[in-house]
Amino acid sequence: MQLYKLLFCCLVLSTITLKAQQPKKLSSSEIHNEIQKLNFLGNVLFVAAHPDDENTRLISYLANEVKAHTTYLSITRGDGGQNLIGTEFKELLGVLRTQELLAARNVDGGYQRFTRAVDFGFSKHPDETFDIWNKEEVLGDVVWTIRKLRPDVIINRFDHRTPGSTHGHHTGSAMLSVEAFDLAKDDTKYPEQLRYIQPWTPKRLFFNTSWWFYGSREKFEEADKSNLIGMDIGVFYPELGLSNNEIAAASRSQHLCQGFGQMGSRGSETEYVEFLKGSKPKNNNDIFEGINTTWTRVKGGKAIGEILNKIEADFNFTNPSVHIPELLQAYKLLQNVEDAFWRERKLKELENVILACSGIYLEAGTQQGSASPGSTVKVYLEAVNRSSINAKLNAISVNQNLANLNTSVSLDNNQKKTFEIEVSLPNNSKYTAPYWLLSKGSLGMYKVNDQELIGKPETPTALKAYFNLSINGTDLTIEKPVVYHFSKPDKGEQYEPFVVLPVATASFKDEVILFADKNPQEVTVFIKAGKDNLNGTIALNAPKGWLVSAAQDFTISQKGEAVSLQFTVTPTINESVGELTPVLTASGQTYNQSLTEIDYDHIPKQSVLLPAQSKVVRLDIKKEGENIGYIVGAGDNVPQSLTQIGYNVNILALENIENASDLAQFDGIVMGIRAYNVLNDLKFKQGILLEYVANGGTMIVQYNTANRWASQFENIAPYPITISRDRVTDENAAVRFLNPEHPVLNKPNKILQADFNNWIQERGLYFPNEWSKEFTPILGMNDTGEALTQGSLLVAKYGKGYYIYTGLSFFRELPAGVPGAYKLFANMLSLGKGKE
Ligand SMILES: [Zn+2]
């Protein structure tokens, strides 16, 4: 029994820290757990919109207590969120959050799927969401997921009946799930999918409700629960040594870029699901009621179940290899099962159990993280049998006959065998960067050309090794991904994906380059080699009317090394916006992708290919004043953007602001986003700042969230103002000039309607909805079907200077190189200066 305890300890550690590439090495209690899962034939699909929406308590409970095959379908990859741990945004953030979801599932035992929908940012209403997503396509992807995974039970995280009450993506995810529930069984809907899969009828649909949806805990206590099923998700798993909530918290803590690291908890706790659709469970206590989840569900499964249930009941924890003969018997029976869905799924699970019980370890690794098409890769193979079971390794192959090795060796107890195979990657090998980013999509949808890839969490590995074994005379072929296996002195043993990447990639130093006058600028391009001794030429394509210096040759001696080259770029005389793209030629081929690596300890390293480009903007901008003081709030790139158009920006530390006369050197003071939300000491400096304004200065306050002040502010403005939750999320919403004669719309730049074209993501957020008469509202705007907001830009004269409050999203528009946003910002900073 001592051994028992020891095994449990190891398990706690391994379950919580394993990265996806790392081979799982099961202890006997984990093997027993896998056998229990093998004996449960039932599927759950949990549906929500973003990475982090999923209820890990419920997913972990369904996977570990019920033993169901439980999948989280996240409609998006969370591209539009915040990043608390690094600089990845948009597509790159989507890649990071995809891997965080996989890491979470690795902990809680669930599986992961996606659709092609993009998380394009906040959306008030599912109608707007469906306008930007291609609703037909996303719905098709949900139907595809249901047909592919055959869930008996579907559980929505959000309520489909309350559009407008939460993020439009949230309600949208539930509405799609409700629709898809009916469509998946209908063979006239999305018939093109039926080339690959069959229609499927899920048994029932639930909504994972909680007190939150009832307004308060008290109201939920009193509510009629006859339509709800409660599950005690606080269960303790002796075999794992963990409470379900401890697993759920460890799973949720993988969402590090969202800042969701959290403590585990123990003890009884109830989760509720509300019945929505399908066949209603009679007793309301089991979501699988009336669904056969035993082996008799499958034709030919009865005999298999008899064998496997007996092993489960009589499991030998000290010598699991004694079960091999019966496991192989079940294996042979399973190979003859007609139902391909259960046969394939359960063969894989059973193979893992057989290998684990016999202590057979198989690995295929490389000593390089990447290779380019046409190159050769050495694959190192290891096979060892750590039991007295009679095992033989007949042959090993890589991919479909890319390389074969006739091994014909017997695997004697604890005698390791190693082999090497040289694999030549075909010239037409596909790159294995995230597949959904390889073709250019739209604002709302990723483009994926291969139907079989749709929904997969990540790109399938480039190389797979197949170990052809005989165990006790029964043949099995075991598939193992070829992984990059190495060690780091400061981190120990490491496993990373092995990826196929281009011979050469290029990237620009700056994503957006502003030309505030007609002078040429030096533009820096980095070239990275995907092989040794790379020679080539690189030229830049420029938009019409722009000039670029001549193509240049380059030589890079070592794979992985990068060189930087400078090009002189001369803008047009007049305003224009366009893209620079590289044309890189090496070994007779052209390349135009950039490579970005995402490397964190909690996820496998990711190599992302995107079209290499830099946005160039020729601005004809006038400005008064030069020296700007910037007080950083929650963090934004506005200072860098202002520097790009010629301002001298000084970052001000609060403790150095001692009196108004020190500030007089600045032509404007700008508060970074959410400064009043995050800076505790700002209240001590507010008087000085307002005195600076009274003396003739200009102060610009960018958006703050309502009622979340870092400390009690009497007034964030010199006159009363009330911040509301009003926002305009449509970046194309019409803009009305409420006071067309106001200097902020006229000097020194004349602001036109065209200056509100090509904004990104939104117009702005947290606009004031009440203000005193000293403020002049400048702009009116609203989302479809909503009242006109007038608080996006408010200007007040105070003493000799100007105070401006604006919720317009300058922090997004300026770094994205939106010309109109620059002009408006320059006008704000110019108020009261020059010729009035
Ligand atoms: Zn969400």
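In this chain, numbering begins with 1 at the start of the sequence shown. When a ligand or atom number is given, it counts from 1 through the structure's own listing order.
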Check whether any N, O or S atom of H170 sits under 2.8 Å from the Zn ion (ligand 1).
yes
Please, which pairs that meet salt bridge (Lys or Arg N to Asp or Glu O under 4.0 Å) have at least one residue in residues 433-447, sequence neighbours excluded?
none
Looking only at side chains, do Q254 and H602 share a donor and an acceptor under 3.5 Å apart?
no
Do you see an N/O/S atom of H50, backbone or side chain, under 2.8 Å from the Zn ion (ligand 1)?
yes
So the salt bridge (Lys or Arg N to Asp or Glu O under 4.0 Å) pairs with at least one residue in residues 73-97 (sequence neighbours excluded) are D52-R97, K90-E511
Please work out whether the ring planes of F207 and F213 are parallel, tilted or perpendicular, with thresholds of 30° and 60°.
perpendicular
Just checking: D53, one of its N/O/S atoms, less than 2.8 Å away from the Zn ion (ligand 1), yes or no?
yes
